[in-house]
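Please read the structure below before turning to the comments.
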Amino acid sequence: MSPGASRRHVVVVGAGIAGLATAYRLVRSANGLPIDVTVLEAGREPGGKLRPVEVAGILVEGGADSFVVRKPWAVDLCKEVGLGGELIVPGTSGAFVWTRGRLVPFPARSAFGIPSDASGLLRWPGLPFGGRLRALGDLWKRPRKDEADESLGSLVGRRMGRDAVDILVAPLLAGLHAGDVDRLSVQATFPELQRWERDHGSLMRGARASLKGAARLGDATEDRSLAAKPAAAGPMFATVWGGLIRLVETLENAIRPSRIHLQSPVSAILPPPPGPRAAGGFVVQVGEERHTADAVVLATPAFESARLLRPVNPEAAVELDAVRYASTAVVVLVYPEGTAERLPDRTGFVVPAKDGMITACTWLSRKWPSDAFGDRAVVRCFAGSAVDPAPLDLSDEELVAAVDREVQQATPLGAAPADATVVRWNRAMPQYEVGHLERLARIEGAVAKTPGVFVVGSAYDGIGIADCVRQAGEVTGRVRSYLHGVGTAQPGDEMESEAFGWTK
Ligand SMILES: Cc1cc2nc3c(=O)[nH]c(=O)nc-3n(C[C@H](O)[C@H](O)[C@H](O)COP(=O)(O)OP(=O)(O)OC[C@H]3O[C@@H](n4cnc5c(N)ncnc54)[C@H](O)[C@@H]3O)c2cc1C
């Protein structure tokens with residue numbers, strides 16, 4: 001960039017974690033190219049799926065509740081914005097599965113729900129005896145040679161049988177996506193499982209290898225700060241003391257609130273006219289309001305990005321629209337004083353699809369203990385998924401009553417909830433179905449045909465917060481490279497413009 005080069009302007013659409021992290025990185029790392037950023041967010045608050053909700057006078061997470069630590073990007077971002085000293089880890093560990101009419105702890109020494117030793121599996125009461133024997137078949141079954149993608153259900157079913165799919169794997173792994181174990185892609189969700197089969201000839205041996213050497217969590221210490229835990233502690237979650245909203249607010253301040261326009265739903269994007277890339281070529285419309293931009297980052301759900309891109313890039317719109325989404329509801333129940341101790345000392349339980357309406361239940365007052373809870377049991381349940389969307393048809397009252405019934409069946413609390421709330425997440429969980437990675441390549445190829453437009457977020461390469469932050473870093477690099485060429489003719493500009501029917 002020559003001295004005195006004019007500033008570039010990027011519009012980021014959507015202020016979820018992906019949009020905020022992208023805007024933050026664009027603003028922060030000028031790298032010789034001064035960039036102005038405007039974030040346009042449809043909602044009243046930034047944060048997207050990072051949103052607290054108040055119930056019984058306490059704030060709890062209404063959406064995401066933590067991020068994985070073994071993928072370092074969210075932790076690194078927190079450290080970068082000054083929240084490193086405020087990262088906390090769960091107050092307890094381990095979860096149950098609700099199966100055969102009772103809560104059963106997940107097998108000891110398991111990874112992604114896959115037990116690592118035969119004797120433990122043989123004794124594990126969560127599976128019927130025949131199911132245990134069938135699951136053990138994993139140890140001598142020949143590995144598949146073909147490296148094509150398949151569903152999580154297909155891979156685990158081939159190796160360990162259907163009971164293992166339904167009870168061990170689906171509630172835990174497909175549950176994270178509110179997804180269907182028989183449609184979710186192994187390669188796009190848990191590629192480790194495919195590697196385990198290939199490299200170790202067995203999922204159980206792969207689980208054992210992955211656990212080997214992982215340092216034990218520092219369970220002995222009461223210090224819940226992340227800094228107090230050993231670095232190589234294996235898979236583990238963390239959040240920010242006070243909730244993920246603090247990360248959102250800190251990013252908002254670092255970006256500068258004046259750059260974030262709330263209640264600004266983008267209605268259309270007009271691309272630059274064909275020819276040399278002129279500065280400020282894009283027009284981003286919010287109703288009658290128009291923002292010019294050198295580049296546009298769509299950090300919106302794929303179906304929304306499809307809608308915005310359809311007039312200028314129908315090919316990209318078709319691929320984006322093909323990413324299916326599932327809906328789910330979060331139901332938070334606060335039980336009266338004196339109930340907290342009735343919850344077992346674990347993080348909660350998951351439920352196989354056939355065994356209940358709840359898909360997962362977190363005992364918040366165990367997992368994220370807080371003085372604000374007092375002596376109250378506070379639980380947070382998910383209901384509704386790609387497999388069973390029916391719970392979402394219930395009214396809030398019906399949902400609360402049904403969820404409370406199942407919670408009390410698993411852990412009698414001896415009292416009705418004193419307060420409850422429901423947060424509905426409509427079309428919120430992107431489904432990485434078999435073939436997702438190929439679709440991703442097609443999306444990237446198609447979006448690239450509208451130079452200056454970029455997509456980022458949970459629809460693409462990882463739904464978790466950590467992966468969204470990583471993707472934000474990656475897209476920032478691509479935006480920056482693109483901006484270096486703005487204002488100069490690029491070979492192929494005309495051809496691309498004609499191919500997508502732009503008019504002067
Ligand atoms: C209930 C729930 C629990 C979860 N739990 C966890 C968890 O514990 N850990 C974890 O790592 N992940 C979790 N996830 C996943 C994770 O929270 C999300 O994948 C991630 O936050 C998505 O971020 P995003 O920025 O891609 O999208 P979003 O958060 O969806 O942000 C997109 C933003 O775009 C805005 N928008 C849409 N259309 C327009 C428009 N036309 N103009 C302007 N703005 C627009 C939306 O209002 C929204 O704010 C959970 C998700 C859900 C739903």
Side-chain angles (χ1 to χ4, degrees), residues 11-23 38-51 53 60-71 73-75 90 175-179 237-239 243-244 247-248 251 260-269 284-287 289 291 296-309 323 325-332 347-348 359-360 362 364 367-368 380-385 422-432 455-472 475:
V11 166
V12 176
V13 186
I17 187 62
L20 289 174
T22 302
T38 301
V39 182
L40 301 173
E41 164 56 47
R44 272 196 260 205
E45 303 288 343
K49 276 139 201 152
L50 277 49
R51 161 147 66 101
V53 61
V60 298
E61 299 289 2
D65 91 335
S66 53
F67 40 77
V68 287
V69 171
R70 88 192 146 85
K71 297 180 174 186
W73 305 287
V75 172
L176 289 178
H177 293 249
F237 294 94
T239 188
L244 291 170
L247 173 59
V248 171
L251 286 172
I260 303 175
H261 301 217
L262 300 172
Q263 300 188 70
S264 299
V266 170
S267 44
I269 296 169
V284 181
Q285 283 187 247
V286 178
E289 207 179 287
H291 299 261
V296 179
V297 179
L298 296 175
T300 39
F303 52 85
E304 185 63 4
S305 303
R307 185 182 73 78
L308 293 172
L309 276 180
V323 179
Y325 275 74
S327 304
T328 192
V330 168
V331 181
V332 183
T347 57
T359 54
T362 304
L364 285 186
K367 186 177 177 188
W368 303 112
R380 198 178 92 121
C381 298
F382 287 81
S385 69
V422 177
V423 185
R424 290 172 187 271
W425 293 103
N426 204 15
R427 292 185 85 189
M429 300 296 233
Q431 301 295 297
Y432 293 2
V455 293
V456 67
S458 60
Y460 310 107
D461 189 17
I463 64 160
I465 295 169
D467 280 315
C468 289
V469 172
R470 172 184 50 77
Q471 294 175 66
V475 83

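We're numbering straight along the sequence, starting at 1. All ligand and atom numbering here is 1-based and tracks the order in the structure. The shown structure was predicted, so the numbers you read here are calculated from the model rather than taken from an experiment.
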Has ligand 1 got any nitrogen or oxygen that is less than 3.5 angstrom from a nitrogen or oxygen of [X]?
{"X": "Ala18", "answer": "yes"}
{"X": "Lys49", "answer": "yes"}
{"X": "Thr300", "answer": "no"}
{"X": "Ile463", "answer": "yes"}
{"X": "Ile465", "answer": "yes"}
{"X": "Val330", "answer": "no"}
{"X": "Ser458", "answer": "yes"}

Which ligand 1 atoms does [X] reach within 4.0 Å, using its non-hydrogen atoms?
{"X": "Gly14", "value": "33 (C), 34 (O), 35 (C), 44 (N)"}
{"X": "Val266", "value": "40 (C), 41 (N), 42 (N), 43 (C)"}
{"X": "Phe382", "value": "1 (C), 3 (C)"}
{"X": "Leu50", "value": "21 (O)"}
{"X": "Ser66", "value": "7 (C), 8 (O), 9 (N), 10 (C), 11 (O)"}
{"X": "Gly457", "value": "26 (O)"}
{"X": "Val13", "value": "42 (N), 43 (C)"}
{"X": "Gly63", "value": "1 (C), 2 (C), 3 (C)"}

Does a side-chain heavy-atom distance below 4.5 Å link [X] with [Y]?
{"X": "Val13", "Y": "Glu304", "result": "no"}
{"X": "Ser327", "Y": "Asn426", "result": "yes"}
{"X": "Leu244", "Y": "Phe67", "result": "yes"}

Closest contact, heavy atoms only, [X] versus [Y]:
{"X": "Gly462", "Y": "Gln471", "value": "O-NE2, 3.2 Å"}
{"X": "Phe237", "Y": "Pro90", "value": "O-CD, 3.2 Å"}
{"X": "Val330", "Y": "Gly62", "value": "CG2-O, 3.5 Å"}
{"X": "Ile17", "Y": "Leu247", "value": "CD1-CD2, 4.0 Å"}
{"X": "Ser305", "Y": "Thr300", "value": "OG-OG1, 2.7 Å"}
{"X": "Tyr432", "Y": "Asp461", "value": "OH-N, 3.5 Å"}

Heavy-atom donor-acceptor pair, [X] side chain to [Y] backbone, under 3.5 Å:
{"X": "Thr359", "Y": "Phe382", "result": "yes"}
{"X": "Thr347", "Y": "Lys367", "result": "no"}
{"X": "Thr328", "Y": "Trp425", "result": "no"}
{"X": "Gln431", "Y": "Met429", "result": "yes"}

Look at [atom] and say which protein heavy atom is nearest, naming residue and atom and giving the distance to 0.1 Å.
{"atom": "atom 44 (N) of ligand 1", "result": "Ala42 N, 3.0 Å"}
{"atom": "atom 41 (N) of ligand 1", "result": "Glu304 OE2, 2.7 Å"}
{"atom": "atom 8 (O) of ligand 1", "result": "Asp65 N, 3.0 Å"}
{"atom": "atom 23 (O) of ligand 1", "result": "Ile17 CG2, 3.6 Å"}
{"atom": "atom 32 (C) of ligand 1", "result": "Ala299 O, 3.4 Å"}

Out of Arg307, Glu41, His261, Glu45, who is nearest to atom 46 (C) of ligand 1 when you count heavy atoms only? Glu41
Selection from Gly19, Ala64, Gly16, Pro46 by shortest heavy-atom distance to atom 5 (N) of ligand 1: Ala64
Of Ile465, Asp467, Val68, which is the lone residue that meets side chain to side chain contact (heavy atoms under 4.5 Å, CB included) with Trp73? Asp467
What do we get for Ser264 next to ligand 1 when only non-hydrogen atoms under 4.0 Å count, side chain, backbone, both or neither? backbone
